Chemist: 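Pasting a structure below so you can have a look.
All chains are named by letter (A, B, ...) in the order of the sequence lines, taking the proteins before the strands, and each is independently numbered beginning at 1. When reading the values below, keep in mind they use all heavy atoms of this one structure, side chains included, and skip hydrogens, waters and symmetry mates. Note that the coordinates shown come from a computational prediction; the quantities given were computed from them, not determined experimentally.
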Amino acid sequence: MKAVLVQVIDEIKDLSPDEREDALYRVSPELFAQLHQKKEKRREHGLPDLIGADGGVVMRFAPNPSGPLHLGHARAAFLNDTYVRRYGGRYILRIEDTDPKRVDPTAYEMVQEDISWMELGIHETVYQSDRFSLYYSVGKELISRGAAYVCTCENDAFREMKMKKVACPCRMQTAEEGMAGFDQMLDGGYEEGGVTVRLKTDLCAPDPAMRDFPLFRVLTSVPHERVDAIVYPLMNLSVAVDDHLLGMTHVIRGKDHIANTGRQRFIYDYMGWDLPHYLHYGRMSIDGVVLSTSGMREGIQEGVYTGWDDVHLGTLRALARRGISPLAVRSAMVDIGIGETDISFSWENLYAKNKEVVDAGADRFFFVADPVEVTVHGAEPQVASAMRYPGDPKRGYRMIPFEGTVLLPAEEIRKRHSMVRLKDLFNVRLQYSGDTVTATYAGTDLKEARDARAPIIQWLSPGYGTLCRLLYPEGDISGVCEPVVQDLVGQMVQFERVGFARVERSDSSGLTAVYSHR
RNA sequence: GCUGAUAUAGUGUAGCCGGUCAAUCAUGGAGGACUCUCACUCCUUCGACUGGGGUUCAAAUCCCCAUAUCAGCACCA
C-alpha cells in the first residue's frame with residue numbers, strides 16, 4: 001500500500017502544474033471546478049469589500065474642528081465616502097467638538113469648505129456640541145447601573161493604582177452615591193480637574209489602556225463656542241453614543257483608535273448595543289510638510305507660513321492652491337487603501353494622479369524663468385504661432401512676436417549650448433564671450449536642429465512678456481510669461497518644459513502662479 | 001515596561017483559507033517610438049516576498065523565534 005502511494009506521489013511530483021490539472025480533471029471534475037472557483041472571487045474594486053455591507057451602510061467622517069482639513073483627514077474622508085458610494089446608505093459628517101480647548105471657532109467653516117472641495121457625498125451633519133444631553137443621559141444610565149463611578153482621585157495616583165491593577169477607593173461607591181456625585185458635577189460642585197466619571201471595565205485587563213477609562217470631566221477654564229457646559233464628555237463616551245444613535249454600520253479610522261475601539265466596546269456591552277464593524281488603517285507619514293494643526297498654527301503666527309494655504313503645508317486648501325485636484329487626492333487615497341501597515345505618502349504618486357486629471361485641460365504657454373536678453377543677428381521680425389495644446393489645432397494658437405531680441409531662461413544660457421531651437425520660431429547659433437551671449441539666425445529647419453541635438457527651448461520677446469512670479473515650495477522664481485495667461489486666473493496651465501501651474505492672480509505688478517508639478 | 005498590530009521593488013498596492021507566483025497593477029528609473037516642451041500617448045526594460053528556524057511532496061502564503069516599525073497605556077480626538 002505504502003509503496004504504491006509513494007510511487008503515485010513521485011509520479012505527480014514530476015508533472016507540470018498543467019499536467020496535474022488535466023489529471024485532476026480526469027479523475028474528479030468537481031474538485032477541478034472547485035480549484036478554479038477560488039480564483040473567480042478576485043475583486044475589481046480598488047478597495048476590498050466590506051463585510052455586512054450588502055444592505056447598505058451608514059458611515060461617518062468625524063473631524064475635530066481645530067483647523068482646516070489636511071491630507072490625513074482626506075484619507076478617512078475619501079475611504080468612507082468611497083464605501084458609502086459603493087454600497088449606498090448614509091454618510092454622516094460629525095463635528096467632534098467636545099473639547100473646547102481644541103476648537104478653533106473659524107474651523108467650523110473651514111471644515112465645511114474643505115468638505116465641499118473634496119465633493120464628499122455627505123447626507124447629514126451633526127455637531128456633538130448639540131448632543132450633550134444625550135451623553136449625560138447615557139452617563140447617568142451607566143452610573144445608575146453601577147457600571148460607572150465618580151472618581152475624585154488625583155491623576156497620578158489613579159494611574160499608579162491602575163498600573164498595579166488595584167481599584168481606586170471611589171470604585172466602591174454605590175450607584176446612588178455615583179448619581180449624586182454626577183448631579184453635583186453638573187451643578188458645578190467640582191473644580192476643573194478634580195473629578196472624572198470612569199467606566200468600570202476590567203482592572204486586570206492585560207492592556208492598561210483598557211482599565212477604568214474616563215467618560216466625563218469637568219472643564220470651566222475655557223468656554224465652549226456653542227454650548228454652555230461644565231461637564232464635558234470624553235471622546236470614548238460621545239463617540240460610542242453617537243455611533244450607536246446614528247446607526248453606524250461600519251467605522252473606518254486610523255489605528256491610533258484601535259485602543260478606543262476596545263474601550264468603546266465596554267460601553268456597547270453595558271448598554272446592550274450592537275457593535276459596528278471596525279476597520280483601522282495604518283499610520284501615514286507625509287514628508288516635506290507639517291501636518292499637526294498646532295504646528296501649523298504656530299508657524300502661521302510666527303510668520304513662517306503665510307496662512308493655512310501656504311504651499312508648504314499639507315492642508316487641502318494648500319493643495320487646492322497648488323492646483324491639485326480633489327479627484328487626484330481621492331484617487332491617491334483609494335489607491336493607498338485601508339492597509340494596517342504604516343506607509344509613507346508619496347507626493348510623486350499624487351502628482352501622477354493629478355497630471356492625469358489636469359493635463360488635457362491645461363493649455364501650454366511659455367514661461368521664461370530668470371530671463372536673459374539676447375540679440376539675434378540676421379533674423380527678420382516675424383510672428384511665431386504655437387499651439388495651445390499640442391496636436392489639437394481646434395484649441396487655437398498663440399501668436400508670439402519676434403522683433404530682433406529674445407529673452408531666454410538663464411539656466412539654458414548657463415548650459416552653453418552652441419545651438420538651440422527657439423520653439424516654434426527658428427534655430428540660432430550661440431556665441432559666448434565672457435558674460436555676453438550673441439545669437440545668430442541659423443535657419444528654420446527643425447530637422448537640422450534635431451540632427452544637431454539642439455535643445456528646443458521656450459523664449460519670449462522683451463516687449464511681449466508679462467512679469468510672472470512662480471511660487472515653488474522651495475522658493476519663488478520670477479520670470480516672464482505670455483500675456484494671455486492673464487486671462488486664465490484660477491485655471492491650470494502648463495509652462496512648457498517647466499511644469500504645471502495654477503494661475504493664482506493677475507494685478508498691476510504682474511502675474512502670480514503656483515507651481516504644481518512636472 | 002505593559003498591551004496590541006504590521007512587515008511584498010525607491011513609493012503605493014495585489015496575492016496571503018499552501019501549488020497555476022522565477023509574484024499584480026500603478027508610480028518611479030533606464031532605453032526607444034511619436035512630437036517644434038523635460039508634457040501627453042505608445043513600446044521595451046529595471047526593480048521586492050525583513051532575517052532565521054519549523055510544518056509540508058510543495059511556503060510570499062501556515063507555525064515559532066528574532067529584528068524593525070507603529071499605535072495605545074491623557075480629565076485630546
Side-chain angles (χ1 to χ4, degrees), chain A residues 6 9-10 12-13 16-18 20-21 35-36 38-39 42-43 46 48 62-66 96-99 101-102 128 151 155 158-159 162-163 192-198 205-211 213-219 232 234-236 238-239 253-263 280 282-285 331-332 334-337 339-353 355-356 358-360 362 364-366 384 386-387 389-392 421-427 444 446-447 449-450 455-458 494-500 518:
Chain A
V6 169
I9 287 168
D10 279 347
I12 294 173
K13 215 187 303 185
S16 75
D18 279 344
R20 290 183 199 177
E21 277 194 24
L35 184 72
H36 284 267
K38 236 179 1 188
K39 271 166 61 179
R42 261 178 183 285
R43 62 162 189 276
N64 167 250
S66 56
E96 306 212 321
D97 54 351
T98 52
D99 180 5
K101 290 180 179 169
R102 295 196 17 158
Q128 292 197 309
C151 174
N155 206 0
F158 182 85
R159 192 175 57 223
K162 177 175 75 178
M163 294 317 277
E192 176 169 333
V195 68
T196 154
V197 176
R198 295 186 176 280
D207 184 353
M210 290 303 136
R211 299 173 197 160
F213 61 88
L215 302 177
F216 292 95
R217 63 170 167 169
V218 164
L219 202 156
Y232 286 82
L234 272 338
M235 73 92 81
N236 282 300
S238 55
V239 164
R253 54 184 178 184
K255 74 177 186 186
D256 44 322
H257 285 292
I258 213 153
N260 292 321
T261 297
R263 292 194 267 224
H280 301 99
R283 180 196 145 95
M284 180 169 80
S285 71
S331 165
V334 170
D335 221 47
I336 286 169
E340 284 184 57
T341 328
D342 304 323
I343 57 151
S344 53
F345 176 81
S346 160
W347 290 101
E348 219 170 46
N349 289 358
L350 175 65
Y351 294 155
K353 299 278 188 195
K355 204 186 299 183
E356 267 173 40
V358 141
D359 181 86
R364 275 80 224 268
F365 298 98
F366 287 162
M387 284 199 270
Y389 191 86
D392 189 359
R421 167 75 173 190
L422 303 179
K423 187 165 183 287
D424 302 301
L425 191 63
F426 48 62
N427 308 333
T444 56
L446 178 61
K447 189 173 177 302
R450 288 231 152 99
I456 301 169
I457 67 174
Q458 70 275 32
Q494 191 217 44
F495 288 132
E496 296 193 42
R497 311 202 329 132
V498 174
F500 292 88
R518 304 210 89 178

Chemist: Give one of base, sugar-phosphate or nothing for Ile343(A), where a contact means two heavy atoms less than 4.0 Å apart.
Modeler: sugar-phosphate

Chemist: Do Asp359(A) and Arg364(A) meet the salt-bridge criterion of a basic N to acidic O distance under 4.0 Å?
Modeler: yes

Chemist: Classify Asp424(A) by what it touches in the nucleic acid, base, sugar-phosphate, or nothing, heavy-atom distance under 4.0 Å.
Modeler: base

Chemist: What about Glu348(A), does its side chain sit under 3.5 Å from the base of G12(B) through a donor-acceptor pair?
Modeler: no

Chemist: Touch check for Asn349(A), heavy atoms < 4.0 angstrom, all strands: base, sugar-phosphate only, or nothing?
Modeler: base

Chemist: Describe the nucleic acid contact of Met387(A) in one word from base, sugar-phosphate, nothing, applying a heavy-atom distance below 4.0 Å.
Modeler: nothing

Chemist: For Pro206(A) and Arg518(A), find the nucleotide of RNA chain B closest to each by heavy atoms; which residue's nucleotide sits nearer the 5' end?
Modeler: Pro206(A)

Chemist: Using the side-chain heavy atoms of Asp359(A), tell me which of these nucleotides is nearest: A39(B), U37(B), C36(B).
Modeler: A39(B)

Chemist: Check every strand shown and say whether Glu96(A) touches a base, only sugar-phosphate, or nothing at a heavy-atom separation below 4.0 Å.
Modeler: sugar-phosphate

Chemist: Do any side-chain nitrogens or oxygens of Arg102(A) fall under 4.0 Å of OP1 or OP2 in A77(B)?
Modeler: no

Chemist: Under 4.0 Å between any heavy atoms, over every strand shown, what does Lys101(A) touch: base, sugar-phosphate, or nothing? Just pick one.
Modeler: nothing

Chemist: In terms of side-chain heavy atoms of Arg283(A), which of A71(B), A39(B), A77(B) is nearest?
Modeler: A71(B)

Chemist: Using a heavy-atom cut-off of 4.0 Å across all strands, would you classify Lys355(A) as base, sugar-phosphate, or nothing?
Modeler: sugar-phosphate

Chemist: Can you find a side chain N or O atom of Lys255(A) that sits less than 4.0 Å from OP1 or OP2 on U69(B)?
Modeler: no

Chemist: Check every strand shown and say whether Val195(A) touches a base, only sugar-phosphate, or nothing at a heavy-atom separation below 4.0 Å.
Modeler: base

Chemist: Tell me, please, which residues at least two apart from Arg253(A) pass side chain to side chain contact (heavy atoms under 4.5 Å, CB included).
Modeler: Arg60(A), Val239(A), Val251(A), His257(A), Asn260(A), Thr261(A), Gln264(A), Tyr278(A), His280(A)

Chemist: Distance check: side-chain N/O of Thr341(A) vs OP1/OP2 of A5(B), anything under 4.0 Å?
Modeler: no

Chemist: Roughly how far, to the nearest 0.5 Å, is the CD1 atom of Ile456(A) from the CG atom of Asn427(A)?
Modeler: 8.5 Å

Chemist: Contact class for Gln494(A) (heavy atom, under 4.0 Å): base, sugar-phosphate, or nothing?
Modeler: base

Chemist: If you measure from CD on Glu96(A) to CD on Gln128(A), what distance do you get to the nearest 0.5 Å?
Modeler: 4.5 Å

Chemist: With respect to the side chain of Asp342(A), which nucleotide from C38(B), A77(B), U69(B) is positioned closest?
Modeler: U69(B)

Chemist: Give Thr98(A) one of three labels, base, sugar-phosphate or nothing, depending on what nucleic acid heavy atoms sit under 4.0 Å from its own.
Modeler: sugar-phosphate

Chemist: Side-chain contact test, heavy atoms from C-beta onward, threshold under 4.5 Å: evaluate it for Lys353(A) versus Asp335(A) and give yes or no.
Modeler: yes

Chemist: Determine, for Arg102(A) against Asp97(A), whether the closest basic-nitrogen to carboxylate-oxygen distance falls under 4.0 angstrom.
Modeler: no

Chemist: Would you give the length of the straight line joining atom CD of Glu496(A) to atom CZ of Phe366(A), rounded to the nearest 0.5 angstrom?
Modeler: 5.0 Å

Chemist: Contact class for Arg253(A) vs. all strands (heavy atom < 4.0 Å): base, sugar-phosphate, or nothing?
Modeler: nothing

Chemist: Can you figure out which of U35(B), G72(B), U6(B) approaches the side chain of Asp256(A) most closely?
Modeler: G72(B)

Chemist: Check every strand shown and say whether His257(A) touches a base, only sugar-phosphate, or nothing at a heavy-atom separation below 4.0 Å.
Modeler: base

Chemist: Is Arg198(A) reaching over with its side chain to a backbone N or O of Cys151(A), donor-acceptor style, under 3.5 angstrom?
Modeler: no

Chemist: If the threshold is 4.0 Å, N to carboxylate O, is there a salt bridge linking Lys255(A) and Glu340(A)?
Modeler: no

Chemist: So, OP1 or OP2 of G72(B): does either fall under 4.0 Å of a side-chain N or O from Arg211(A)?
Modeler: no

Chemist: Check every strand shown and say whether Arg421(A) touches a base, only sugar-phosphate, or nothing at a heavy-atom separation below 4.0 Å.
Modeler: base

Chemist: Nearest to the side chain of Pro208(A) - G1(B), U35(B), A77(B)?
Modeler: G1(B)

Chemist: Identify whether any heavy atom of Phe366(A) sits under 4.0 Å from a base atom; if not, whether one sits that close to sugar-phosphate; answer base, sugar-phosphate or nothing.
Modeler: nothing

Chemist: Both atom distances under 3.5 Å, Watson-Crick or G-U wobble: I'd like the secondary structure of RNA chain B as a dot-bracket string, with | for pairs made across strands.
Modeler: (((((((..(((......[.....)))((((((.......))))))...(((((..]....))))))))))))....

